[in-house]
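Side chains included, hydrogens not; waters and symmetry mates left out as well; all remaining heavy atoms used. Convention: sequence-line order gives letters A, B, ...; per-chain numbering from 1.
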Protein chains: 2
Amino acid sequence: VGGITVLKELRRRYPSADYVYLGDTANVPYGTKSEHQIRRLSLAAVSELKSRGIEALVVACNTASSLALKQIREEMLGTPVLGVVKPGATAAFEASRAQGARRILVLATRATVQSGAYAQALQKLAPDLEVAEQACPLLVPMIEEGWLDHPLLHATLVEYVGAHRGRTGVALLGCTHYPWIQPAVEKALPGWKVINSAEAVADAFAKELGSPGGRGTGRIEWIFTDPAAVPGYAQQWVDKATRLA
Amino acid sequence: VGGITVLKELRRRYPSADYVYLGDTANVPYGTKSEHQIRRLSLAAVSELKSRGIEALVVACNTASSLALKQIREEMLGTPVLGVVKPGATAAFEASRAQGARRILVLATRATVQSGAYAQALQKLAPDLEVAEQACPLLVPMIEEGWLDHPLLHATLVEYVGAHRGRTGVALLGCTHYPWIQPAVEKALPGWKVINSAEAVADAFAKELGSPGGRGTGRIEWIFTDPAAVPGYAQQWVDKATRLA
């Protein structure tokens, strides 16, 4: 469900590339697992993709990008690998400069926050940034429940970010699920610029790896590690993303 | 976190038995996975417990009890195995007779509801029961977040069971996580008798398997398949259960 937001942005920019999408539905969610598990599962997924002869890999999950990118790059030696953390952090930094703001609030899973990956990436870009990170463990289950504009989603967001209302700055959606609820986050943080890491990684693709070009046919191959988890469930999000793209 | 509610009730009744507790923290939650995955993971956990020479097995998870009990019994041939579905259904049926009520509402995970295990067990006990099942996928993440008496937990419960307010009957907590929020469920369903499947399985133990007797020392051996998932997290629930027991 998270990675689909990244796929949607990539296809909007590169409609004729061919895509292989792997959703590790047997092992979601990653955001509450240990580093060790996240690395092990990420490498298993990558090995599956490697065997399909892909020419570039986008790790469309903040938790895996925060905790397993180095190991994934080693495994994929010779194939370009793009994570979501650096592009997201760069986009947030640029937005903060454009706004004359110094305050960046990162919303993410517990594992991503504990990894410190965003704080480190942002400090590296500009040591003067004032970075706050907020773990939001209930947002992924609420999004998967389809509560994208539900009163209890709005109330939960106020619970998580309420302390930051009344101030302004840049809020970075540090989980690929969160673009589904970007309007709700914007409502919860009036006056804040909200940055979507799915858009950021799609923007960064051509810049870092070159355009995927027009040799493909726009085909998507779907792989789900637990295809029967909830019948019709993945398809519902794919349809939603296709309508939105 | 769910199984601990069952362990607490077992220890309250059989304080001198020895316990081995396996929490499959690498693979939670089960409630959103497919039958195939749930069976595979349950058998892996059981094989770990089998190697410790246990004398009886309690499957302290409704999802595994609903979907994998037959396979677990085959794997453990010769060792008594008790699931939570039949004891929970029996306790709910007895409460409905005591109350002169015919209406039973089962609250459970999506996988448990889809399995139909509770509806079948209840129909077998009494075909005249009026059984409704409600999937409550956000309750487990809220409980794991520690929102046991949070306004948003109460609001979410009203969302799930609101349609049943104003009527009366027996509500069965068909997930071993839910005893942590039994007072909140009672508040959401005024006039309903709430049955806790953790208590029911502990009550059924001696009846079905005989008392575990006094040969042990009350020791608990803890096994977590992803012990590092959230440092200190499991311990926090163990402490909470110990205080409550």
Query raised in the report: For the candidates B/R40, B/H36, B/M142, which exhibits the highest count of non-hydrogen atom pairs separated by less than 4.5 Å from chain A?
Result: B/M142
Requested in this report: Among A/L41, A/N27, A/T156, single out the residue with the greatest number of heavy-atom pairs under 4.5 Å to chain B.
Outcome: A/T156
Report summary line: Okay, B/V28 and chain A: the region with an atom under 4.5 Å from a heavy atom over there is backbone
Query - Nearest non-hydrogen partners of B/K33 and A/A26, listed with the distance - result: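 Scanning both residues completely, I find the closest heavy atoms to be CE-O, 2.9 Å.
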